[in-house]
Amino acid sequence: MTVYTQGFKLLGLGGILSGYGAIGRARKLIFAIALIFPITAQAETVTVAALGDSLTQGYGLPVDDGLVPQLERWLAGQGADVQMINAGVSGDTSAGGLSRVNWTLTPEVDAMIVSLGGNDLLRGIDPATTRANIRGILEAARAAGVEVLLVGIQAPGNYGPDYKTQFDAIYPELSQEFETLYWPSLFSLFQEENDDLGDIAAYMQPDGIHPNADGVAVIVQAVGPAVLDLVESVQ
């Protein structure tokens, strides 16, 4: 609890404070001051769970360089009081995310980032199955009263145009249906021509799939404002 003390001299309280010696009288004075001056409200910490796969988990990186810790530091730099929960599991598909969403949504969780589907693509899983799994995750979040930022992903062309069309539509359509916040892709800045980044390989780990610490920093700078909107939607 913070009590404003500006204006003591205007009210003549400075001399009164210096003259009080008895504890009982001092307590009465403190109570009187609390009634006179406004008390600042303390904003509660917003807890955000990040439900995802290896990118969320921080595969191949020191703990502090992963997506979740970097994002938490970025949010703190914006003045947001946020506690991030890393609910990323390397290799997880949308089915894996659905299977553990209920124990991810513990009572203290206020909001959730959902970033799943990359491993569905690697396995060529039917888009209808991925859609059903993401839908189940969003239904669980709705039932828990938790705000969501849904992160999309775009399919490569090697599965054919029909597969790509069906898969790419999953995320924007479900986001609209469930009225969530939406971000097209964590890799959006790497998937388009970006002269500012230069050699994209410099931001990737040797496997060419996962970003290194610098690559994660680029992702955080891009998606950070959307996560900040998520936090503010809770407050």
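The shown structure was predicted, so the numbers you read here are calculated from the model rather than taken from an experiment.
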Please step through side chain to side chain contact (heavy atoms under 4.5 Å, CB included) for the pair V216 and D65, ending with a clear verdict. CA-CA 8 Å; V216 171; D65 290 339; over 6 Å; no
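- Here the shortest heavy-atom pairing between S94 and D120 reads OG-OD2, 2.6 Å.
- In plain terms, the two heavy atoms of G96 and S99 that are nearest each other are O-OG, 2.6 Å.
- Between atom OG1 of residue T104 and atom CD1 of residue I137 there is a gap of 9.0 Å, rounded to the nearest 0.5 Å.
- Note: the hydrophobic cluster containing L228 also contains V151 (ILVMFWY, side chain heavy atoms under 4.5 Å, direct or indirect links).
- Side-chain contact between P225 and W74 is present, with heavy atoms from C-beta onward closer than 4.5 Å.
- The side-chain heavy atoms of H210 and D207, taken from C-beta on, include a pair separated by under 4.5 Å.
- In summary, D126 and R131 do not engage in a salt bridge, as defined by a charged side-chain N under 4.0 Å from a carboxylate O.
- The CD1 atom of I209 sits 6.5 Å away from atom CG of L122, with the distance rounded to the nearest 0.5 Å.
- Atoms CD and OG1, on Q83 and T45 in that order, are 7.0 Å from each other to the nearest 0.5 Å.
- Checking side-chain atoms of R123 against main-chain N and O of G118 turns up no donor-acceptor pair under 3.5 Å.
- Across all non-hydrogen atoms, the minimal contact from S233 to E147 is OG-CG, 3.7 Å.
- Here the shortest heavy-atom pairing between N119 and D92 reads ND2-O, 2.8 Å.
- Across all non-hydrogen atoms, the minimal contact from I153 to L116 is CG2-O, 4.4 Å.
- Two different hydrophobic clusters hold L51 and V89 under the rule that ILVMFWY side chains link at heavy-atom gaps under 4.5 Å.
- Between S90 and Q57, the side chains place a donor N or O and an acceptor N or O closer than 3.5 Å (distance only, hydrogens not considered).
- The backbone N or O of P184 sits less than 3.5 Å from a side-chain atom of Q154, completing a donor-acceptor pair.
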T47 vs M84, side chain to side chain contact (heavy atoms under 4.5 Å, CB included): CA-CA, chis, key distance, verdict: CA-CA 6 Å; T47 300; M84 298 287 300; over 6 Å; no
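- Heavy-atom neighbours of E179 CD from other residues, nucleotides or ligands within 6.0 Å: at or below the threshold of 12.
- Looking at heavy atoms from C-beta onward, V231 lies out of side-chain contact with Q78 at the 4.5 angstrom threshold.
- Side chain of T129 to backbone of I125: no donor-acceptor contact under 3.5 angstrom is found.
- Put simply, the side chain of D53 never gets that close to the backbone of G88: no donor and acceptor are under 3.5 Å apart.
- With rounding to the nearest 0.5 angstrom, the CD1 atom of I134 is 6.5 Å from the CG atom of L150.
- Around the CD atom of Q176, the shell of radius 6.0 Å holds no more than 12 heavy atoms that belong to other residues, nucleotides or ligands.
- Not a single donor-acceptor pair under 3.5 Å links the side chain of K164 to the backbone N or O of G157.
- Within the 4.5 Å cutoff, side-chain heavy atoms of L71 are placed close to those of V227.
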Walk me through whether V109 and V48 qualify under side chain to side chain contact (heavy atoms under 4.5 Å, CB included). CA-CA 6 Å; V109 172; V48 180; over 6 Å; no
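- Ring geometry for Y159 versus Y163: interplanar angle of 30 to 60°, hence tilted.
- How far OH of Y203 is from CD1 of I219: 11.5 Å, rounded to the nearest 0.5 Å.
- In this structure, a donor-acceptor pair under 3.5 Å is present between the side chains of S175 and T180.
- Between Y171 and T130 the shortest heavy-atom distance is OH-CG2, 4.0 Å.
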Intermediate values then yes/no, side chain to side chain contact (heavy atoms under 4.5 Å, CB included), R73 and D64: CA-CA 10 Å; R73 291 196 297 271; D64 288 344; 4.0 Å; yes
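- In terms of modelled atom types and a separation under 3.5 Å, the side chain of E177 and the main chain of R135 share no donor-acceptor contact.
- I113 and Y59 fall into different hydrophobic clusters, where Ile, Leu, Val, Met, Phe, Trp and Tyr side chains are chained together by heavy-atom contacts under 4.5 Å.
- Atom OG1 of T93 sits about 11.5 Å away from atom CG of L121, to the nearest 0.5 Å.
- Linking ILVMFWY residues whenever their side-chain heavy atoms come closer than 4.5 Å, directly or via other members, places M112 and F178 in the same cluster.
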